[in-house]
Each structure stands twice: as structure tokens, then as C-alpha cells.
Amino acid sequence: MRFQTLKGFNDILPDDFRYWRFVLSKATELTDRFGFMQIDPPILEETRLFLRGLQEGSAVVLDKELYSFDDHDGTNISLRPEFTAGVMRAYVENGLHTYPKPVRLFSIGPLFRHEKPQAGRFRQHVQLNAELLGEEDAAADLEIMQLAYSLYHELGFQGLTFQLNSIGCSQCRPPYIQALVDYFQVHYSALPAVDQRRLRVNPLRVLDTKEKATRALLADAPRSIDYLCADCAQHFQTLTGYLGDLDFAYEVNPRLVRGFDYYVRTVFEVWGSELGAQNALCGGGRYDGLVESVGGPPTPGVGVGIGIERIVLSLRAQGIEPPALAHPQFMTLHRGAAAKKKAVQITHQLRQAGMPATMPFGSRSLKSQLKAANRSHVHYALILGEDELAQGIVTVRDMTTGEQSEVTLADIVSWAQAHWPPPTDA
RNA sequence: GUGACCAUAGCUCAAUAGGUAGAGCACCUGGUUGUGGCCCAGGAGGUUUCGGGUUCAAAUCCCGAUGGUCACCCCA
């Protein structure tokens, strides 16, 4: 009986980790640099938590994309489809609102949605999620966008575009939505079925339709940025002002809307060109009412979800080579039982001294041990045979040049330390 | 959930007009006695995704399931 991964689930293989390590180490370096603290909510939560945050218009709810089941005590629980709800719950439950404001939090981990897999879309995917809580200044929106921007920029991406929009607040959005609905009602019979449905269920979604017929009508459709109340307009203007000052490349996209309904004011995405239809590398925005909706004090917040798989896919597509993964630098080769005992000791000493070292198992020929060292990209082979043992030395062979020299057994650890990491090739 | 295309070795792919499967890469072993990379020789690895059907005979034709890919839906 052979098994395979579930539909939409993937193994992340050793070769993939070249990219994953590159991305994740850059990500954590950046969150540190921006002053974010890590928080890791559980993967499973009560289903009600996710439903509350999502509301009715979200596909996660609508299309039953949640992985839900009953726990042994009958509680319905779900694999998290997004980070924000769990982070908000943890924030309230643990009293993080008593931390000095603003509270900057980030998480990295898998999310689960029962979707049909497609290019750049899987049932399990990993996100870097960042939230900035307790601050309504537009500079906070900016900071979240800067974090995402810096990640892509420092990973070496080219040709990404920041898409920005403001969808208003509970004051100004309802009139806008009404205007939008009114506009499309006139053309209702001309709309494709999908958009007629969207107009009824989640009118904002009509804005990012892929239907040509609807897109033609969108040119003259009302835009949310023209309906903003004074406060929202001011907020948006301040944000775009900062972005301009930073020479930050972005486009205001009046058709940008987000999947989760809790967003207010700022929404943004970063688009890449190598991902097919799933072109969003990250998405985020402001969600001022969310903490309150899970039982906490009124707290403004901004956040972003950054898809790691999509970054890895795009890195590959753009031909960006991550640094090679660390592999053993030293391998202690041995001939004969006595030498092997010594090799075990040396390998142990090297590892204790913090250096990557391995040794061949069994008692294969020196030739096959060298072959193994070569294939594992070992930098130095430390050869320990009868002769070396008798003289109290180790023959060290540089596997890149083939040069050999002798080091006394007593000095081998300090010799290795002096040669690790090895001098880089000019 | 809907649709299109696809499914042969770990990977990339062959297999004339239906006649029970091959190559390259990768992997393992050797090319004598203590020296890798190149080269050479050999080896292992497949119930041709699975289950039915047609046929003397199916990787090949038909049906179904499963999975993959891409798009819709939706989203990272």
C-alpha cells in the first residue's frame, strides 16, 4: 500500500528549503528590525471564532472552505483558515492590550482552506502574518506596507506592484455600496450570472470581477475613494502622502477589494506576474473593529498576510537564486577499527565545538568514502588511517582543490575552527 | 462546487497501425593493495495511477474512480 499527500497538500522537500530558509530568515530578520513580537496561536480553534471574524460574505464561510469537525466533547473546532481571528483572540484572552501601544505582533505558520488547488493555491499554505494593534495613525498602515515591501525588495524581486485602495468605514461605506448597487441595477440584465449573484451577496466583489462585460461598465462605476467621509479621506490622503515621500511605488486601484469583510479604510495587495490567476503575493488592510468583535476593548489595527509558497514560486520564476544551504564542512574518513574509533571522537569534538561534521558509517574503502564526501559537498575530508594513527596526525584534504596537508591530532579541532567557514573563492 | 487538458522508473520523456515496456539524469557496485570529481562496465528500480470493459492479445481503445495541471468561484 502506497500513500500520497492529500489533494492540495504538498511536501516541502530538502531542495525547496533552499528557498524557504532564504525567505523565512529574511522575514524574521525584518520583523525584528521593525520591532514585531512573535505570537503563535494554535492551529485549531473553536469554529465560532473564525465564523465571527469572517461574516457571511466571505467564501471561507460561503463555500464551506473551513476544515471543521467535532472534538470528543462535541465542540465544533476548525483548522484556522487565517491568522487574524486567532491572534485577536489571544490578544484579548492574554490581556496583550496592556502592553505598551502599539502592539506589533507577527506569526508564521500553516493555514488551511478546503479549496480546489490551482497555480499558487493550496489547501495548506504558510503565511507570515503581521498585525499592528492599538494605533489608528495612517503611519501604522504605512509601516505594515513597508514591512511587506522590504521583504520583497530585499529578497530581490523585480516588477512587483503595490495596489492600494480605501473602502471607507461603517459611516461612508454603506452609502457607497448603495451607489454601487444602484449603478449596476440599471445594467442588471446585462450582467453575467456571476456578477448578478455578487451584486446580491457581496456587491464590492463586483469590482474585481473578471467578466469582460462587467469590466466595461466599471469604468464609469462609482469609486469608493470618492465616497469617503472626511476622516477616511484624511486618513487615505495622509497615507498616500507618506508613500509619496518614501518614493514608494504604488497605484491607487479603485477596484481593489478584499476577501475578508472586516477591513475598513486601507486595503492593499502586492501583485506579481508569475503566479497565473493567483497573482496576489500578499494582502492586507485596516480592521478597526475586529478586537471588539471578539470581546476586547475597541482597538484599531492594521495587518497583512504574506503567502510564503507564492513567494517561493515567484523567486523560482524570476530566477532568483537563494544562498546554498549549509552542508557538512568536515567529514572524518577512517581506515581500520582503531582509526574509526578515533574518527568517532574527532567528529564529536568538532560538533561540540560548533562545526558541522559527519563521518561515513561502516568500513568502506577510502575511495568510496571520498566519493561520499564529494557527493555531500564536504569542504574538508579529514583522513585518518593506520599511518596517521601511528604518527598522531590527520591528513586534511581540501575537496575543492585536492590539496592535502597534515595536522596533528591534538590540533585538529583548532585547525578546523580556523578553516570554518572556509575562505570564499575569489 | 463548475469546466478543460493530462497520468509510463525517484526526475524528464520514448514505445512503429492494439502484440505483456526503454533511454537520459539520479541512485548502488566495480575498474585490485590508502584518494573523490571525468570516463568505462555492471546493477537495482515499473502489477504502465487504480477498477472494470472490448479483444486471441491493451501502456495504447471504451467507461468509471482517484490524482495532477490550468481556469472559474474565491483567495496568500
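Keep in mind that the numbers below use all heavy atoms, side chains included, and drop hydrogens, waters and symmetry copies. Every chain is numbered from 1 and lettered A, B, ... according to where its sequence line falls, protein lines coming before strand lines.
Across the strands present, B:rA4 finds its partner in B:rU69; the criterion is a Watson-Crick or G-U wobble pair with both atom distances under 3.5 angstrom. For B:rG22, the paired nucleotide is B:rC13, the pair qualifying as Watson-Crick or G-U wobble because both relevant distances are below 3.5 Å. Both distances falling under 3.5 Å, in either a Watson-Crick or a G-U wobble arrangement, occur for no nucleotide opposite B:rU54. Look at B:rU29: its Watson-Crick or wobble partner, with both distances under 3.5 angstrom, is B:rA41. Under the Watson-Crick and G-U wobble criteria, each requiring two contacts below 3.5 Å, nucleotide B:rU60 is left unpaired.
Heavy atoms of A:Gln404 sit under 4.0 angstrom from at least one base atom. The residue A:Gly8 sits close only to the backbone: its heavy atoms come under 4.0 Å of sugar-phosphate atoms, none of a base. No contact: A:Ile311 has no heavy atom under 4.0 Å from any strand. Contacts of A:Gln4 with the nucleic acid, taken as non-hydrogen atoms under 4.0 Å apart, involve only primed sugar atoms and P, OP1 or OP2. Residue-level contact check: A:Ala280 touches the backbone only, with heavy atoms under 4.0 Å from sugar-phosphate atoms and none from bases.
Residue A:Arg397 places none of its side-chain N or O atoms closer than 4.0 Å to OP1 or OP2 of B:rU35. Proximity of A:Lys116 to the phosphate of B:rU2: no side-chain N or O atom is located under 4.0 Å from OP1 or OP2. Put simply, A:Gln118 has a side-chain N or O that comes within less than 4.0 Å of OP1 or OP2 on B:rA71. OP1 or OP2 of B:rC72 lies within a sub-4.0 Å distance of a side-chain N or O belonging to A:Lys210. Contact annotation: A:Arg258 reaches the phosphate of B:rA76 (side-chain N/O to OP1 or OP2, under 4.0 Å). Proximity of A:Arg121 to the phosphate of B:rG68: no side-chain N or O atom is located under 4.0 Å from OP1 or OP2.
Separation of the C1' atoms belonging to B:rG67 and B:rU48 is 16 Å when rounded to the nearest angstrom. To the nearest whole angstrom, the two C1' atoms, one in B:rU2 and one in B:rC73, are 8 Å apart. Taking the C1' atoms as reference points, B:rC13 lies 15 Å from B:rA26, given to the whole Å. The gap from the P atom of B:rG34 to that of B:rU12 amounts to 42 Å, rounded to the nearest Å. Comparing B:rG37 with B:rU33, their C1' atoms are spaced 23 Å from each other, to the whole Å. B:rA23 and B:rC40 have their P atoms separated by 15 Å, with the value rounded to a whole Å. With both ends at atom P, the span from B:rU47 to B:rU54 equals 25 Å, rounded to whole Å. As rounded to the nearest Å, B:rU8 and B:rA59 have P atoms that lie 15 Å from one another.
Rounded to whole Å, the distance from NZ on A:Lys367 to C1' on B:rU35 is 8 Å. One interatomic measurement links the two molecules: NZ of A:Lys7 to P of B:rG67, which rounds to 5 Å at whole-angstrom precision. The NZ atom of A:Lys371 sits 10 Å away from the P atom of B:rC27 (whole-angstrom rounding). Atom CZ in A:Arg375 sits roughly 11 Å away from atom C1' in B:rA26 (whole-Å rounding). Rounded to a whole Å, the CG atom of A:Asn279 is 14 Å from the P atom of B:rC70. Protein atom NE2 of A:His327 is 15 Å distant from nucleotide atom C1' of B:rG36, rounded to whole Å. In this structure, CG of A:Leu366 is placed 14 Å from P of B:rG31, rounded to the nearest angstrom. Rounded to an integer number of Å, the gap from A:Glu115 CD to B:rC72 C1' is 13 Å.
Inspection of the A:His419 and A:Gln417 side chains reveals no N or O donor paired with an N or O acceptor under 3.5 Å. Looking at A:Gln404 and A:Thr395, their side chains never bring a donor and an acceptor atom within 3.5 Å of each other. No side-chain N or O of A:Asp387 forms a donor-acceptor pair with one of A:Gln391 less than 3.5 Å apart. There is a side-chain donor-acceptor pair under 3.5 Å between A:Asp141 and A:Thr266. Checking A:Asn76 against A:Asp70 by side-chain atom types alone, a donor-acceptor pair falls below 3.5 Å.
The aromatic rings of A:Tyr67 and A:Phe112 sit perpendicular to each other, their planes meeting at more than 60°, with 30° as the lower class boundary. A:Phe17 and A:Trp20 have tilted rings, their planes meeting at an angle from 30° to 60° on a 0 to 90° scale. Using cut-offs of 30° and 60° on the angle between ring planes, the pair A:Trp415 and A:Tyr380 is perpendicular.
Nearest-nucleotide mapping onto RNA chain B: of A:Asn10 and A:Gly283, the residue sitting toward the 5' end is A:Asn10. Sequence order on RNA chain B of the closest nucleotides to A:Glu211 and A:Met399 puts A:Met399 first from the 5' end.
Between the side chain of A:Asn374 and the base of B:rG37 there is no donor-acceptor pair of N/O atoms closer than 3.5 Å.
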